[in-house]
Amino acid sequence: MAACNAHYYATRDPLGASGDFTTAPEIHQLFGEMVGACLADCWRRAGAPADAIYAELGPGRGTLAADALRVIGPRTEVHLIETSPTLREAQRARLPNATFHDRIEQLPARPTLLVANEFFDALPIRQWVGDEQRLVVLQGDSLAFTANGLIVEDSPAREAAVLALATHLVRSGGAALLIDYGHAASAPGDTLQAVRDHRFADVLADPGEQDLTAHVDFQALAAAARAAGAAVTALATQGDWLRRLGIQQRADALIGHHPDRADDIGSSLARLTAPDQMGDLFKVMALHHPDWPIPAGFE
Ligand code: SAH
């Protein structure tokens, strides 16, 4: 999964209608603006530290960062964790002054306002059937799984990333928003999936040519963050979180300024928040320094 996704992301921009999948920030600017409002409010209540930075894990096309920074303040220093050279180019075009890093550990020791949208789902998982790790092997000319049965997933790569992030927040101050599709409590089940051209595909077909993801186990992420000393908020659905932050009011204001765009704004709002669209499947959780305030939208 790690090798497939490294090749996949290094060789294309997979986002948007002409790509394989569409993420929340690519649907409408409303999403990035709410992320920016949440982080800016938290920063202000933390005493507005002047040396704070904006950071993002897996920033895609840089759309979320550009929308969030209009709210946070365009002069904020930007640090992006991104391994794909192709997507780094796209991000540099949107955010010419950004500094790039390969690893979370390379972030400067300054208070950090961070967001990760659909980042953890792309990090590799392992699958277990009982005590046996379920592997992918060559069978004749095709790939096959070694074991079938009740599957339990875990992800050392995700836990290592959260540990690094929580350690950074505890050392340097700040808050991080983790937004992804997944579940509130660890539970057995096979959630590995492949997406290509906006459709589900066979997970073992065309290695490195389709997007491989698995649902994020937020309980496991929360435990790893707490073990590093970070405070962890309750989990919210994306729909509830965006509504509590005032996305409806922001949409109404935008429609007031641009009545010609009312249809697009209304349907984008529904895609982001409706329970049968992204609203319930996607979840939001925040990590923060224990002395920083709880970010808004999680009560
Ligand atoms: N956050 C963006 C893009 C999500 S796609 C959005 O919401 O539109 C996943 C992103 O994570 C891509 O930018 C991809 O290149 C990046 N990525 C995947 N694995 C990574 C890794 N191990 N380290 C850093 N970035 C990674």
Side-chain angles (χ1 to χ4, degrees), residues 1-36 39 54-69 78-95 98-107 113-125 155-165 168 176-182 192-196 198 208-216 221 238 241-242 268 271-272 278 281-284:
M1 190 175 175
C4 288
N5 275 348
H7 176 82
Y8 176 77
Y9 283 109
T11 51
R12 77 208 71 205
D13 172 355
L15 296 160
S18 61
D20 288 327
F21 59 96
T22 300
T23 55
E26 300 299 332
I27 291 174
H28 204 274
Q29 70 188 64
L30 284 168
F31 183 78
E33 289 173 351
M34 291 299 111
V35 166
L39 292 173
Y54 174 87
E56 204 176 319
L57 310 182
R61 290 180 172 167
T63 308
L64 171 53
D67 292 337
L69 284 161
V78 177
H79 291 261
L80 304 177
I81 315 288
E82 175 61 69
T83 43
S84 158
T86 306
L87 287 171
R88 275 193 184 192
E89 277 320 303
Q91 293 153 17
R92 216 188 307 271
R94 292 298 295 275
L95 309 150
T99 303
F100 289 93
H101 307 282
D102 287 323
R103 300 173 56 78
I104 295 165
E105 290 85 342
Q106 294 165 330
L107 286 171
L113 307 172
L114 183 142
V115 59
N117 186 63
E118 290 209 48
F119 171 76
F120 285 93
D121 67 23
L123 298 184
I125 57 154
S155 176
R158 292 175 183 173
E159 283 173 29
V162 168
L163 193 67
L165 175 56
H168 173 77
L177 300 170
L178 313 185
I179 309 166
D180 236 307
Y181 57 99
L192 182 65
Q193 65 182 39
V195 166
R196 188 173 193 167
H198 300 270
E209 302 302 327
Q210 45 189 21
D211 183 48
L212 288 183
T213 60
H215 283 212
V216 171
L221 295 195
Q238 177 172 300
W241 184 72
L242 289 172
S268 299
R271 268 180 89 180
L272 293 170
M278 296 179 84
L281 179 60
F282 281 74
K283 313 283 194 299
V284 191

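Counting starts at 1 for both ligands and their atoms, following the listed order.
The N/O atoms of Ala122, backbone and side chain alike, include none that comes under 3.5 Å of an N/O atom in ligand 1. Backbone and side-chain nitrogen or oxygen atoms of Gln91 are examined, and none is located within less than 3.5 angstrom of a nitrogen or oxygen of ligand 1. Polar contact with ligand 1: absent for Asp102 (N/O pair, distance under 3.5 Å).
To the nearest 0.5 Å, atoms CZ (Phe120) and CG (Leu165) are separated by 6.0 Å. Atom CG of Leu177 is separated from atom CD of Glu56 by 10.5 Å, given to the nearest 0.5 angstrom.
The shortest contact between atom 11 (O) of ligand 1 and any protein heavy atom is with Gly58 CA, 3.2 Å. Here the protein heavy atom with the shortest distance to atom 13 (O) of ligand 1 is Glu82 OE1, 2.6 Å. Nearest protein heavy-atom contact of atom 6 (C) of ligand 1 is Thr23 OG1, 3.3 Å.
Counting only distance, with no hydrogens or angles, the side chain of Arg271 and the backbone of Ile27 share no donor-acceptor pair below 3.5 Å.
Of the heavy atoms in Asn117, both backbone and side-chain atoms come closer than 4.0 Å to ligand 1. Both the backbone and the side chain of Thr83 come within contact range of ligand 1, each with a heavy atom under 4.0 Å.
Between Ile81 and Leu107 there is a side-chain heavy-atom pair separated by less than 4.5 Å. For the pair Met34 and Leu272, the minimum side-chain heavy-atom distance is 4.5 Å or more.
Using the six-membered ring where Trp is involved, Phe21 and Tyr8 have ring planes that are parallel, under 30° apart on the 30 and 60° scheme. Ring-plane geometry between Tyr181 and His215 is classed as perpendicular, the angle between the planes exceeding 60 degrees on a 0 to 90 degree scale with a lower cut at 30.
Distances from atom 9 (C) of ligand 1 to the heavy atoms of Glu118, Arg61, Arg88 show the closest one on Glu118. By heavy-atom distance, the residue among Tyr9, Phe120, Phe31 lying nearest atom 5 (S) of ligand 1 is Tyr9. Between atom 12 (C) of ligand 1 and the options Leu87, Thr213, Leu15, Thr22, the minimum heavy-atom separation is to Leu87.
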Take Leu95 and Leu69, measure what side-chain contact (heavy atoms from CB on, under 4.5 Å) needs, and give me the verdict at the end.
-> CA-CA 10 Å; Leu95 309 150; Leu69 284 161; 3.9 Å; yes
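Close approach to Gly60 involves these atoms of ligand 1, each under 4.0 Å from a residue heavy atom: 2 (C), 3 (C), 13 (O). Close approach of ligand 1 to Ser84 (heavy-atom distance below 4.0 Å) involves ligand atoms 15 (O). For ligand 1 and Pro25, the ligand atoms under 4.0 Å from any heavy atom of the residue are 6 (C), 7 (O), 8 (O).
By the 4.0 Å heavy-atom criterion, Asn5 is excluded from the residues contacting ligand 1. Under a 4.0 Å heavy-atom criterion, Leu123 is in contact with ligand 1.
Nearest heavy atoms, Gln91 versus Gly62: CG-N, 3.9 Å. Annotation for Pro124 and Ser155: closest pair O-OG, 2.8 Å, computed over non-hydrogen atoms.
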